[in-house]
Amino acid sequence: MTQARSASFVGNPVVVPTASDRPVLKERGQREVFCGLTGIVWLHRKIQDAFFLIIGSRTCAHLMQSAAGVMIFAEPRFGTAIIDERDLAGLADANEELDRVVERLLSRRRDIKMLFLVGSCPSEVIKLDLSRAAERLSREYAPDVRVLNYSGSGIETTFTEGEDACLEALVPDLPAAADDAPANLLVVGTLADIVEDQFRRLFAAAGIDQVDFFPPRRARELPEIGNHTRVILAQPFLTATVRALESRGASLVPAPIPLGIEGTDAWLRAAAGAMGADLNQLEAAIAPARKRSEAAVARIRPELEGKRVFFMPDSQLEIPLARFLAREMGVHLIEVGTPYLNRRLMAEELALLPDVQLSEGQDVERQLDRVEAANPDLTICGMGLANPLEARGMPTKWSIEFVFTPIQGFDQAGDLAALFARPLGRRGRLAFGGEEAVACN
Amino acid sequence: MTQARSASFVGNPVVVPTASDRPVLKERGQREVFCGLTGIVWLHRKIQDAFFLIIGSRTCAHLMQSAAGVMIFAEPRFGTAIIDERDLAGLADANEELDRVVERLLSRRRDIKMLFLVGSCPSEVIKLDLSRAAERLSREYAPDVRVLNYSGSGIETTFTEGEDACLEALVPDLPAAADDAPANLLVVGTLADIVEDQFRRLFAAAGIDQVDFFPPRRARELPEIGNHTRVILAQPFLTATVRALESRGASLVPAPIPLGIEGTDAWLRAAAGAMGADLNQLEAAIAPARKRSEAAVARIRPELEGKRVFFMPDSQLEIPLARFLAREMGVHLIEVGTPYLNRRLMAEELALLPDVQLSEGQDVERQLDRVEAANPDLTICGMGLANPLEARGMPTKWSIEFVFTPIQGFDQAGDLAALFARPLGRRGRLAFGGEEAVACN
Amino acid sequence: MQLTVWTYEAPPHVGAMRVATAMKGVHYVLHAPQGDTYADLLFTMIARQKTRPPVTYTTFQARDLGGDTADLFQQAVSDAYERFAPEAMLVGASCTAELIQDDPGGLAEGLALPVPVVPLELPAYQKKENWGAGETFYQIVRRLADRDIRPSPREGRAPRCNILGPCAMGFRHRDDVTEITRLLGLMGIEINLVAPEGASPRDIVSIGNADFNVVLYPEIAQSAAKWLEREFNQPMTTTVPIGHGATTDFLEEVAGLAKTVVPLSLRSEAASRMPWYSTSVDSHYLTGKRVFIFGDGTHVLAAERIAREEMGFDVVGIGTYSRELAKPIRKAAAALGIEPLISDDYLEVEAAIQECQPELVLGTQMERHIAKRLGIGCAVISAPVHVQDFPARYSPVMGFEGANVLFDTLVHPLVMGLEEHLLGMFREDFEFNDTAQPSHLAAHSPAAHMPEPSAISVGAPSNDDGPAWDNDAEKELKKIPFFVRGKARRNTEMFAVEHAITTITVETLYDAKAHYSR
Amino acid sequence: MQLTVWTYEAPPHVGAMRVATAMKGVHYVLHAPQGDTYADLLFTMIARQKTRPPVTYTTFQARDLGGDTADLFQQAVSDAYERFAPEAMLVGASCTAELIQDDPGGLAEGLALPVPVVPLELPAYQKKENWGAGETFYQIVRRLADRDIRPSPREGRAPRCNILGPCAMGFRHRDDVTEITRLLGLMGIEINLVAPEGASPRDIVSIGNADFNVVLYPEIAQSAAKWLEREFNQPMTTTVPIGHGATTDFLEEVAGLAKTVVPLSLRSEAASRMPWYSTSVDSHYLTGKRVFIFGDGTHVLAAERIAREEMGFDVVGIGTYSRELAKPIRKAAAALGIEPLISDDYLEVEAAIQECQPELVLGTQMERHIAKRLGIGCAVISAPVHVQDFPARYSPVMGFEGANVLFDTLVHPLVMGLEEHLLGMFREDFEFNDTAQPSHLAAHSPAAHMPEPSAISVGAPSNDDGPAWDNDAEKELKKIPFFVRGKARRNTEMFAVEHAITTITVETLYDAKAHYSR
């Protein structure tokens with residue numbers, strides 16, 4: 001398979017006017033999204049020797065076990081130091097209390113190599129200085145345990161921004177690359193292990209061997225960073241992390257997110273271009289995977305073509321996902337909400353996205369009124385909102401699934417399409433659903 | 001603990017007139033007992049590399065899975081070659097059919113070292129010659145698989161007699177000991193592995209090292225036998241096996257069955273005596289275990305003392321068990337039924353057994369009339385009869401449990417007592433049982 | 001001869017026992033050796049019945065075979081009549097007695113007892129339990145039903161039916177009857193009798209008093225119901241009300257026969273929780289799960305519809321041990337485009353499941369063993385019964401509550417949706433090895449990691465004679481979570497065979513994945 | 001600060017949400033940041049409710065903290081009133097808003113809405129979920145109950161009661177209410193209202209119309225019921241009808257309050273299957289199993305009685321996270337002669353269970369994790385709830401059907417009696433290794449053989465600072481089946497310590513066995 005091909009996308013492109021300064025409906029009102037603490041649900045699985053200690057209230061602890069509880073097999077690698085009356089009344093010294101909790105934790109759990117102190121709404125409001133605590137504890141437990149801190153508080157972060165904050169906190173720990181180090185490619189944002197392996201194989205086949213992934217699978221396997229580092233994003237929500245990486249000398253490779261065939265193709269080409277790889281060799285390397293993914297995606301496209309889809313704002317993945325649906329699956333987008341729009345990081349995505357109502361922020365009641373009025377074929381939304389829509393006969397998809405599922409890259413493009421098709425297919429399979437909601441509880 | 005003690009029993013002996021030619025109520029009528037096939041349930045666990053292939057009807061297969069099914073974790077090491085119309089009509093040659101089944105079995109299951117062809121009621125009635133088949137197949141599969149046969153048919157064998165028939169079939173395979181071999185002790189009858197280990201330790205401590213157990217844990221570990229072999233029974237139901245062993249030159253050591261402290265003590269002494277061991281050394285060896293067993297049994301005795309117990313005929317263990325209950329637990333025996341009474345093998349037991357109504361054989365309806373009339377505190381009976389008695393407010397104990405539970409030896413004497421006490425204790429614990437039977441299905 | 005590890009059905013005389021035990025005032029004298037008395041424990045131990053089955057066994061022995069077994073049988077019949085004073089008696093032989101050809105029917109007739117005696121001819125080397133139960137019930141109805149008893153005119157009275165089929169030792173019959181009786185009550189329909197369960201010979205006499213028959217278990221009641229249709233002009237239901245949809249259809253069918261209408265509340269999707277629970281977003285992950293269904297004909301047919309229409313599964317294998325219902329199973333299989341497995345050979349079923357690599361098995365206690373060995377989830381939906389199939393709690397599989405029970409039962413063995421995702425996402429996590437089981441199941445790990453089972457194995461692993469996997473491909477396969485790995489392996493191998501690939505590489509794995517996407 | 005891996009209760013405002021969601025016509029405005037909206041999924045996802053909880057969150061952000069959060073709150077209340085037009089409103093703060101001290105009650109009052117507004121003071125750093133639910137319900141009743149409404153004279157009418165306590169997200173509340181309503185119906189008692197579940201503010205107004213109150217969940221209903229007793233002279237029930245015996249006692253108590261008698265059928269042992277199933281010979285093996293019980297106060301107290309009187313277990317550990325019910329738990333523990341564990345520290349519970357080495361744990365979803373890690377069976381008998389606690393099928397734990405459900409639930413995790421025997425008999429059988437699990441459970445092996453859990457471990461294994469085992473003794477211990485080995489190990493070590501034995505030999509093992517026989 002050495003035949004060189006042009007970079008033009010070969011799916012079923014939907015040609016639409018695009019613009020990066022397109023109008024956005026900005027909303028302010030009740031938001032129905034997780035706070036940044038929720039990122040721990042996947043981060044504690046990704047970085048296997050890290051532990052995440054939230055300094056917060058019972059609400060934080062309950063959020064974590066409710067959002068993650070149904071997904072946890074073994075003991076989690078996270079916990080909460082619950083602030084109580086005595087801490088608030090000044091009867092207990094918060095730092096001493098924290099030291100005691102950390103000591104209990106680390107003495108029981110000696111496999112921890114990195115400990116994140118994670119700030120929460122209450123810890124922010126009472127202005128607990130976790131960065132000083134992290135420094136102190138890091139000194140105390142060096143060299144066994146590195147202690148870092150970041151905030152996942154809901155007054156500052158929304159859902160996936162927790163990962164952004166966590167990675168940002170990690171950046172200062174990245175070892176500096178030598179000035180004469182060869183260029184390296186740093187893929188940033190949590191990916192499934194199997195997807196990382198695939199990308200690594202593709203890059204290797206294209207002659208790019210200096211590839212690192214961030215976050216790493218183990219806390220001590222931190223990639224080097226320097227002026228020759230090319231950063232490419234695997235996830236869209238990494239505003240602060242990119243800023244921090246750039247401050248370490250790295251440069252950002254503009255690219256869409258590697259979702260769908262088109263996104264993956266452009267992403268790989270952008271990475272290869274930035275690394276100065278031979279594009280013919282790249283083409284030869286990726287053609288087989290792209291070709292089979294076209295077949296896989298084409299098989300599912302008829303189930304989605306022409307369907308009307310509404311994205312509630314949740315993970316910041318909404319724009320890349322919408323772009324994939326519109327351009328590769330022929331979906332009609334009704335509204336694409338995002339909790340926060342970073343125009344710079346989303347520039348390549350926005351250039352591809354068809355003309356559609358974009359919204360940023362949320363007033364959940366009004367937005368649900370719009371959903372109701374539009375009666376979409378599929379609504380992508382948070383966990384709390386899905387069943388009430390299903391009960392009204394409107395199929396939904398949990399937005400969190402796109403964070404938890406291997407969907408990036410060619411060989412997952414079919415899976416990604418299938419994720420969207422599943423709720424529609426299910427309605428088709430089931431002999432139910434003709435009736436209006438009737439309370440059955 | 002070297003203090004020598006006399007052999008006199010130290011529990012709470014009940015002194016009663018005993019006689020080995022005591023009168024027995026012989027009954028003939030409907031019998032409610034398993035056939036000999038059921039022995040496979042424990043034999044296939046005891047001899048781990050043997051497989052038991054029943055040549056029988058669907059009833060045989062169903063009996064096995066019903067009686068044993070609730071107790072089986074993994075795949076059983078038994079199966080049934082079900083005779084069908086074609087075999088009966090002579091359309092198929094039974095021997096060819098059997099060869100085909102055995103080939104299928106052995107080719108799928110290469111861990112089998114010994115295969116028992118087990119006759120059943122139908123195979124006996126149609127006079128299928130399994131011994132010739134076994135010879136033929138043994139030749140064919142030598143040296144990998146030894147093929148033997150015996151009958152577990154219900155027209156010839158009752159429950160535990162299946163083990164007797166199986167062991168009898170094994171006896172010709174025992175290697176002959178050299179004429180000048182030292183005396184060896186052969187403990188005959190299935191015991192739990194842990195009990196074997198205990199006896200082996202006690203015998204070793206008493207200076208008796210030449211001890212073998214039969215059946216062995218693996219089919220190829222057959223003990224030697226000869227004129228110097230002393231056979232002692234761990235189970236009472238081995239009439240044919242003893243005969244076969246005697247025909248190989250072994251001599252039977254008269255002893256009670258090692259149930260309870262008294263039985264175990266006498267059994268160990270009989271064995272040691274037959275092996276010419278030093279009785280002082282024996283006493284030193286067994287005293288600690290006996291002493292602690294006295295404490296264990298004494299703790300349970302108050303729960304059983306004075307209770308009235310009825311044994312339905314089932315496993316042939318009835319007489320030794322009744323002897324234990326009467327003499328060590330102060331139980332009042334109402335009737336002790338046994339499916340078959342071998343006066344020779346039971347001589348030592350009968351000598352110890354208090355005066356009590358003995359019955360042999362069964363007319364189940366009349367016997368249940370007697371149970372009803374006596375209204376015992378505890379009835380030991382087969383699985384099919386227990387719940388109807390429980391429903392009438394009469395506590396029961398499954399007789400099969402005494403075959404499946406490690407109860408022999410000093411360190412199990414407490415467990416044995418507890419087995420009897422449990423149904424009574426349960427009635428005491430539960431807040432139910434005051435009501436007459438009310439159909440609840 | 002057939003090599004049998006487990007048998008799906010008992011011999012036919014056990015079917016007769018089930019009918020005798022279900023009824024009141026009946027006694028069955030069975031010419032049989034002592035070993036056959038084991039069957040009592042089915043009823044008193046597995047089903048925890050409080051009384052012994054009304055069965056007398058002659059328990060003849062080898063020494064009786066000379067010639068007095070016929071006397072023994074007559075004596076047993078006389079004694080049983082004396083002792084139990086039944087309204088009617090059944091007489092017959094088990095497998096061994098069949099060989100000695102004593103003619104129980106003739107011998108019993110010779111006694112000229114003052115009650116009806118129904119002779120049963122149940123060929124033990126040909127037929128099995130369900131046939132035996134069906135034949136027994138048919139013979140009883142035929143012998144006892146009074147042809148002069150017919151329903152009064154319909155005007156001014158409620159419609160009236162018989163419920164036929166429920167039996168002792170039946171899979172959930174106890175609660176199915178309660179549920180169906182409740183639903184018929186809500187429809188305003190009177191029950192003339194339920195039989196065999198709870199019916200006396202006297203009740204059977206007036207079986208003709210009903211307008212129509214509700215046949216819950218065709219295996220047991222169909223012969224009798226067809227005879228009643230022919231001789232009494234009683235129409236019968238043909239839909240078995242297992243599952244939400246089938247229950248709805250059943251009620252419509254009943255309404256047709258009863259000339260009434262189904263009340264609105266029973267036509268609503270809220271009549272059971274199945275529609276909502278299955279539609280709810282939490283159930284999306286059930287979509288397209290590959291299931292293999294095996295059991296008795298009635299429950300397999302019902303499970304097939306539920307799996308497809310109510311759970312959203314893909315049915316990838318279907319079969320039954322009920323040869324009597326082979327025809328409708330073949331039809332269902334044809335509609336699915338798959339080959340049905342009509343067999344009572346456990347080893348054959350095991351091989352078929354292994355070949356099929358489903359994600360879930362809906363089967364019997366026997367398939368539970370198979371699924372355990374293969375590390376696949378399994379829900380029990382059919383006889384043969386086990387003590388676990390007689391729970392204390394209300395557990396019908398019929399009617400709307402039955403649909404609720406089935407939803408829970410079918411979902412239980414599966415890894416929950418979000419767990420699936422996390423397992424797929426972070427395969428390398430050291431806590432996510434193959435021993436990680438559905439978190440709602442206690443202390444478990446899949447059999448895949450148990451020592452190789454010593455069972456009669458079904459032969460070669462799936463890739464023994466197929467294409468070989470290279471090292472990298474094997475490693476890549478291991479990155480796939482255990483609950484879909486079997487399917488991935490199978491698909492890849494099928495793809496390789498179709499494309500004449502002899503060595504499977506990582507590329508083959510992904511080519512196959514794309515090929516079979518969805 | 002308290003290190004928490006799992007928390008047994010949510011914060012108190014979630015308790016308030018449970019009450020608001022249970023009721024009709026109520027809306028709750030919660031001053032809280034966006035993260036707190038996660039609580040919606042408890043209701044819509046875990047309990048699969050079809051509508052969002054009637055809760056508006058202000059979702060203030062860091063940038064709002066300057067000063068306009070009070071305005072934000074008032075705006076949210078106004079908007080919510082406009083949009084949802086509730087009959088009554090609840091207002092309050094979550095943990096974060098509590099710190100900024102905006103006074104939701106005062107702010108809402110300032111709006112002078114034309115409906116009752118109940119301000120909730122739920123100290124988030126002090127109190128927890130159940131207290132929050134109880135306080136909310138009490139405040140609602142206190143605010144809305146019309147003191148002029150009292151029952152008419154008893155003559156000539158049926159007795160009438162309120163059922164208090166059932167709530168959204170309650171452990172089996174949905175079905176408990178159905179079961180208790182059914183039983184009260186059979187007693188001829190009318191239900192004035194059920195609350196909070198299903199009650200509107202209007203219904204609460206006429207709460208005084210009942211003769212007495214049935215308190216199903218003291219954690220939630222006790223404050224309100226005590227107030228009603230004081231202010232309305234409504235007596236209340238004190239027996240919680242979980243278990244056969246407790247249900248019987250409850251019905252007697254109700255009959256006393258209602259001045260009526262319990263019908264014979266409800267006094268019979270056949271009212272549930274528990275008595276017969278537990279008496280039946282198949283259940284003898286349950287006798288003396290050592291169980292550890294932990295959960296909320298109500299369910300633990302009930303489980304303790306059931307375990308002892310109805311299952312025949314030995315209760316060797318008992319505890320609760322409900323500090324409100326510590327007193328009766330202490331009393332129960334004293335009667336058992338054991339120390340109760342009153343704690344909401346998961347790690348402490350874990351340590352207690354490990355120390356106790358029970359054969360079965362009756363606990364919550366959290367103890368399920370612990371039991372899994374220790375390779376012990378566990379049945380879930382109490383909140384906190386999990387999606388598995390909202391099954392499709394009818395699954396009460398109260399009343400007679402609740403007793404049936406509990407019998408099945410408590411027996412399920414155990415190895416069945418005859419299996420126990422075979423496992424004990426042939427330990428050496430290569431198929432009987434420690435991975436052999438109860439045969440009725442699918443594809444499992446105990447956690448004991450899973451890779452050492454990476455959990456926050458509760459420290460040293462039981463013999464680290466105790467007597468050492470010699471080689472032979474260790475080997476002998478391994479011959480004991482896994483499901484009693486923990487107990488044997490513990491007993492032997494206790495015996496060794498008591499007798500100042502530093503090295504445990506085979507003889508020590510058997511000396512200890514004899515010492516602890518029974």
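Only heavy atoms go into these numbers, but all of them, side chains included; no hydrogens, no water, no symmetry mates. All values reported here derive from a predicted model rather than from experimental measurement. Order of the sequence lines sets the chain letters (A, B, ...), proteins ahead of strands, with each chain counted from 1.
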Q: Tell me, for D:Ser395 versus chain C, whether the close heavy atoms (under 4.5 Å) come from the side chain, the backbone, both or neither.
A: both

Q: Without swapping roles, check the side chain of D:Trp276 against the backbone of C:Arg48 for a donor-acceptor pair under 3.5 Å.
A: yes

**Q.** Contact summary for C:Tyr277 and D:Phe390, nearest pair of heavy atoms
**A.** OH-O, 2.9 Å

Q.
Under a 3.5 Å threshold, yes or no: a donor from one side chain and an acceptor from the other, between C:Arg393 and D:Ser272?
A. no

Q) Can you name the one residue among D:Asp408, D:Val405, D:Asn404 that meets side chain to side chain contact (heavy atoms under 4.5 Å, CB included) with C:Pro391? A) D:Asp408

Q: Go through the atoms of D:Phe400 and report whether side chain, backbone, both or neither lie under 4.5 Å from a heavy atom of chain C.
A: neither

Q: Against chain C, label D:Phe407 side chain, backbone, both or neither, depending on which of its atoms sit under 4.5 Å from a heavy atom there.
A: side chain

